[in-house]
Every structure is written in structure tokens, then in C-alpha cells.
There are 2 protein chains.
Amino acid sequence: MSETPESKVIDLKGLQIACQSCGLHELCLPMGIHPDEMDRLDTIIKRRRPLHRNDFLYHSGDTLTSLYAVRSGSIKTYSLTGEGEEQIIGFHLPGELLGLDAIHDGGHHCSARALETTSICEIPFEDLESLAQEIPGLQHQLFRLMSKELQSDEHFMLVLGKKTSEERLSNFLISLSTRFSQRGFSGTEFNLSMSRNDIANYLGLAVETVSRLFTRFQNAGLIQVNRKLIAIKNLEGLNELAGAKCKKVDKSIVLR
Amino acid sequence: MSETPESKVIDLKGLQIACQSCGLHELCLPMGIHPDEMDRLDTIIKRRRPLHRNDFLYHSGDTLTSLYAVRSGSIKTYSLTGEGEEQIIGFHLPGELLGLDAIHDGGHHCSARALETTSICEIPFEDLESLAQEIPGLQHQLFRLMSKELQSDEHFMLVLGKKTSEERLSNFLISLSTRFSQRGFSGTEFNLSMSRNDIANYLGLAVETVSRLFTRFQNAGLIQVNRKLIAIKNLEGLNELAGAKCKKVDKSIVLR
DNA sequence: AATAGTCATTGATCTAGCTCAATCTTTTTG
DNA sequence: CAAAAAGATTGAGCTAGATCAATGACTATT
């Protein structure tokens with residue numbers, strides 16, 4: 001985690017991609033701020049060498065020093081239950097900010113771990129806060145990003161609150177699809193960087209249920225599953241499942 | 001909703017309680033800012049006449065103009081599912097801020113409705129944002145409040161994600177108890193301003209299940225239920241239930 | 001005070017999804 | 001490359017909680 005340049009073959013200079021030239025700046029912190037202000041943001045952001053699979057970005061209990069933006073790869077966040085079981089809170093894709101939930105009391109209450117090789121921009125929070133004090137657009141964007149996360153948490157609470165396993169999984173797949181395409185990747189064909197176990201844990205289901213659902217969805221022609229690779233074949237159908245709340249007219253009957 | 005003073009017998013002047021003298025300022029927006037800055041905050045905050053039970057604070061689809069802080073009473077927020085059913089997102093107690101999730105795209109995605117007679121401070125968002133630009137403590141407190149909400153949303157996701165009905169309801173009761181005592185009310189005896197239906201909806205359970213659980217909890221000596229009035233008799237026991245994740249050692253056996 | 005309407009409780013049954021168990025596949029390690 | 005470990009799938013049965021149904025209690029209206 002140290003910043004000693006000599007300890008690596010990797011050209012750290014090459015990692016110093018500016019926000020300006022980053023394909024994610026329309027989603028990320030720099031959104032809506034002027035080019036010269038973006039330069040100031042760049043001066044506080046640290047680009048570190050990539051994390052490998054299972055590397056920790058931070059641990060539960062760590063003091064909050066920085067926020068982190070995913071540049072490529074993916075991260076899962078989780079906390080441990082009373083009995084020491086992992087409980088997954090979220091999966092974070094490129095352009096998404098981590099650590100916002102730690103601002104409140106200055107400490108992380110969950111751990112963040114790379115699901116695959118992942119590069120990260122580190123943004124020291126104190127610096128960011130001072131900069132936000134000077135750049136109205138940055139303050140606004142920070143409010144917007146936090147608000148967006150509140151919104152998506154609320155959406156997920158709705159999904160968990162009432163929905164059947166079918167609704168949960170279809171919502172999950174749609175969410176991934178949407179987020180991938182917003183980030184310039186294919187929304188119809190993508191890799192799941194997390195295990196079936198992680199998915200089940202996140203959705204509050206048993207692994208077996210998730211596995212069965214994948215087969216069912218595939219048999220119904222909604223998706224094509226090949227190990228970690230998912231191809232969405234019928235987004236419309238998935239959407240119907242995702243919104244299904246009818247008790248009487250059982251839409252899921254097509255899947256039997 | 002208009003501000004015409006002559007249309008009411010209520011002394012609107014009397015409603016103009018300053019943040020300074022408000023018992024909630026340690027929890028609410030003014031926390032951590034200096035007295036003279038608090039005065040500036042006071043100048044932008046509008047105190048309106050109280051909402052009555054079932055009055056709307058805002059509707060889903062409304063443009064975000066203000067954030068709202070609950071001064072007394074309680075508010076529920078909910079959105080409508082595809083099939084037009086109400087899905088409750090949260091219950092908001094005195095000192096809590098509403099509308100933060102609307103900053104992202106400037107519009108409310110849920111409706112907010114009073115559960116009982118409720119007074120509200122209205123804080124025009126644009127004014128608040130400008131003020132936060134000038135008062136670092138205010139910017140920081142806004143970040144903190146949003147972060148706190150993220151944290152509690154995450155906690156609730158954990159509860160919904162895996163937990164049994166017993167765990168869900170005990171978590172709910174503990175959350176209310178904690179929040180009431182933080183606000184200077186009794187944490188061991190309080191009124192539920194929401195219906196059993198609302199509770200069930202919020203927790204993703206059937207009304208009947210909630211009702212049965214109340215009786216079970218009462219029989220186990222954990223709580224005393226009298227209609228809307230709840231008395232916590234054994235907080236320790238509730239806490240155990242709330243954290244229960246053991247599959248083998250079934251703690252809930254005591255309740256049968 | 002009577003009536004209608006809403007809200008809450010209790011009982012009986014049914015089912016979605018969990019648990020347990022076995023097999024198969026992929027990844028890791030020596 | 002083989003062995004071991006981890007992850008994924010599939011099957012069979014069980015259970016927590018949903019649904020359906022009926023009754024009881026409180027609230028509001030006239």
C-alpha cells in the first residue's frame with residue numbers, strides 16, 4: 001500500500017491518468033466542474049497501483065482518510081454479522097465512489113475487497129472537503145453522488161423488502177446491465193466478477209436458489225449463462241419479472 | 001401550504017422557534033456550527049403550520065425545492081410499485097431530514113405523509129447549498145447527515161437481506177427505541193404512530209406475521225403491547241434476537 | 001348512541017425457498 | 001500433472017411465513 005515507486009516495475013507515471021482524459025469523468029466526481037477546476041481536483045487525487053483479487057481496499061474499523069473511486073475492475077463491500085458471517089452490502093463498478101458511508105463518524109463500518117484486478121483513485125477526504133468548499137460545482141456534485149447512492153439504496157430496500165427470489169435476481173441482473181452500459185461496456189453481455197455465493201448473500205437468498213434461478217431464466221430464454229459470463233437475451237422479459245408484484249396473475253408461470 | 005398569516009388562528013410568530021432554542025439542534029442541521037452562523041441558517045429556514053395526520057409533505061414526482069426537518073411528530077415516506085401498491089421506505093422522527101434522496105436529479109421519487117400531527121422546518125435547498133458554500137461547518141454537517149443516512153440504509157439492507165421475521169421486528173423496535181432516547185424521549189415506552197400494516201410493509205412481512213410476533217414477544221416478556229403503546233421490558237433479550245444468525249442454536253425457541 | 005368502516009388479532013392451510021446431501025466442474029497447489 | 005480444495009449444480013424433503021378466512025376491537029360519523 002506504500003507509494004514507493006522503486007518497488008514496482010509498473011510505470012506509476014503511466015497510471016497518472018488525469019480526470020480530464022478519464023472516460024468516467026461524466027459519472028464520477030469531476031462531473032459538471034470546469035476544466036481548470038478539474039486540474040485542481042487532479043492534484044489531490046492519488047492513483048495507486050492496482051489491487052489484485054481479494055486485496056483489501058480498507059477494513060471495517062479503519063479510520064476514514066480517503067474516498068475511493070473505482071477506475072476499472074470491481075469491489076465488494078461487506079460487514080460481519082454478530083456470528084462472524086460475511087454480509088455483502090454492495091458491489092462497486094467503475095466510476096462509483098466508496099467510503100461515503102464513513103463520513104458520518106469518520107470510520108469504516110464495512111470492509112472493501114477487490115473481486116478482480118482493480119484500479120482505484122484515492123481521494124483524501126479532508127482535501128476533497130476543502131476543495132468542495134471552494135468549488136461550488138464540486139460541492140454540488142458530492143451532494144448529488146451521495147444522494148444518488150441514497151436513492152439506489154432505497155431502491156434496493158424495496159427489492160429486498162417484498163420481492164420473490166425471481167424478482168430479486170432479475171432486478172440484480174438489470175442493475176448490472178444498466179450500470180455496465182452507462183459505463184460504456186456492453187449491457188447485454190458481461191462477466192459476473194462475484195461468485196454465486198456472493199450474489200446469494202447480497203440478495204438474501206440461498207446459493208442453491210440462485211443457481212436454480214439461473215437455469216430457470218436460461219430455460220425461459222431470458223438469459224444465457226456460461227459460468228461467469230451472462231448474456232441478456234430478453235431484457236423486456238427480465239423487466240417484467242423485476243416489476244412483478246401481481247399476486248393473482250402469476251407471471252413467473254412461464255418459467256416452470 | 002401557503003404562508004398567509006391571516007388565514008389561521010395559530011400564532012405563526014410563536015412557531016418561529018430558532019435553531020438555537022430547538023432541543024434538536026444537536027442532531028439536526030445546525031450541529032457543530034457557531035451561534036452566529038446558526039442565525040444565518042435561521043434566516044433561510046421556514047417554519048410552517050403543522051401537518052395533520054395523512055397530510056402530504058410532498059408527492060412523488062414533485063420538484064425538489066426544499067429539504068425538510070421533522071420538529072415533532074412523524075412522517076412516512078413511500079413509493080408506489082408498478083402495480084400501484086404502497087411500499088414504505090422509511091419512518092422519520094424529530095431531528096431527521098427528508099428529501100436528501102431527491103438532490104440527485106432534483107425530483108422526489110417518493111411521497112412523504114404525516115403519520116400524526118407533525119411540525120416541520122422547511123429549508124430551501126438552493127439557499128442551503130449557498131450557505132454551505134460559505135460555512136464549512138454546515139457543509140460538513142450536511143455531508144455527515146447524508147452519510148449517516150447511507151449508513152442506516154445499509155444497516156437496514158442487512159436486516160432485510162437475511163433475517164427472519166423475529167430479527168426484523170426486534171431490529172425495528174430497537175431502532176425506534178434508540179432514536180427516541182437520542183431525541184430525549186423515553187426509549188422504553190413509546191407510541192407507534194404507524195399502523196401494523198405500515199410496519200409489516202416496511203419490514204417486508206405480512207400484517208398477520210407482525211401481529212403474531214407482537215403477541216409472541218409479549219408472551220416471552222420482551223415487550224408489553226397495548227394497541228399502539230409499546231413498553232420495552234427486556235432490551236437485552238430483544239438485542240439477542242436482533243443479532244441472531246445462528247442456524248444451529250435456535251435462540252427463538254424460548255418464544256414458542 | 002348506533003352504524004359503518006378501518007385496523008388488529010387469531011386460526012388453518014399452503015407454498016416458496018431453505019436445508020441437507022450428493023455429484024460435478026473449475027481452480028489452486030504441491 | 002495429479003490431488004485437493006473450492007465453487008456450482010441438481011435433487012428431495014421440511015419449515016417459516018404467506019395467504020385465506022373469520023372474528024374482535026377501536027374510531028369516526030351522523
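Just so it is clear: chains get the letters A, B, ... in the order the sequence lines come, proteins before strands, and each one is counted from 1.
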Undergrad: Mapping B:S211 and A:L213 to their closest nucleotides on DNA chain C, which lands nearer the 5' end?
TA: B:S211
Undergrad: Tell me the interatomic distance from A:E116, atom CD, to C:dT27, atom P, rounded to whole angstroms.
TA: 15 Å
Undergrad: Can a salt bridge be assigned to the pair A:E116 and A:K228 using a cut-off of 4.0 Å between side-chain N and carboxylate O?
TA: no
Undergrad: If you pin A:R53 and A:E208 to their nearest nucleotides in DNA chain D, which one's is more 5'?
TA: A:R53
Undergrad: On the nucleotide D:dT10, are OP1 or OP2 found under 4.0 Å from the side-chain N or O atoms that A:T215 carries?
TA: yes
Undergrad: If only side-chain N and O atoms of A:K228 are considered, is one of them under 4.0 Å from the OP1 or OP2 phosphate oxygen of D:dA8?
TA: yes
Undergrad: Ignoring hydrogens and geometry beyond distance, is a side-chain donor-acceptor pair present between A:T209 and A:S165 at under 3.5 Å?
TA: no
Undergrad: Could you state the atom-to-atom distance from CG of A:N201 to C1' of C:dC18 in whole Å?
TA: 15 Å
Undergrad: Nearest-Å distance, CG (B:L192) to P (C:dC7)?
TA: 15 Å
Undergrad: Between A:R227 (CZ) and D:dA6 (P), how many Å, whole number?
TA: 15 Å
Undergrad: Once you apply a heavy-atom cut-off of 4.0 Å, does A:R212 come out as touching a base, just sugar-phosphate, or nothing?
TA: base
Undergrad: What is the distance, to the nearest angstrom, from the CZ atom on B:R196 to the C1' atom on D:dA25?
TA: 12 Å
Undergrad: Using the side-chain heavy atoms of A:S165, tell me which of these nucleotides is nearest: C:dG17, C:dC7, D:dA18.
TA: C:dG17
Undergrad: Whole angstroms only, please: what is the CG-P distance between B:N54 and C:dT6?
TA: 12 Å
Undergrad: How long is the line joining CG of A:N226 and C1' of D:dA8, in whole Å?
TA: 13 Å
Undergrad: Would you tell me if any nitrogen or oxygen in the side chain of A:T209 comes within less than 4.0 Å of OP1 or OP2 on C:dC18?
TA: yes
Undergrad: Are B:T77 and B:H92 linked by a side-chain donor-acceptor pair shorter than 3.5 Å?
TA: yes
Undergrad: Salt-bridged, A:K148 to A:E96, with N to O below 4.0 Å?
TA: no
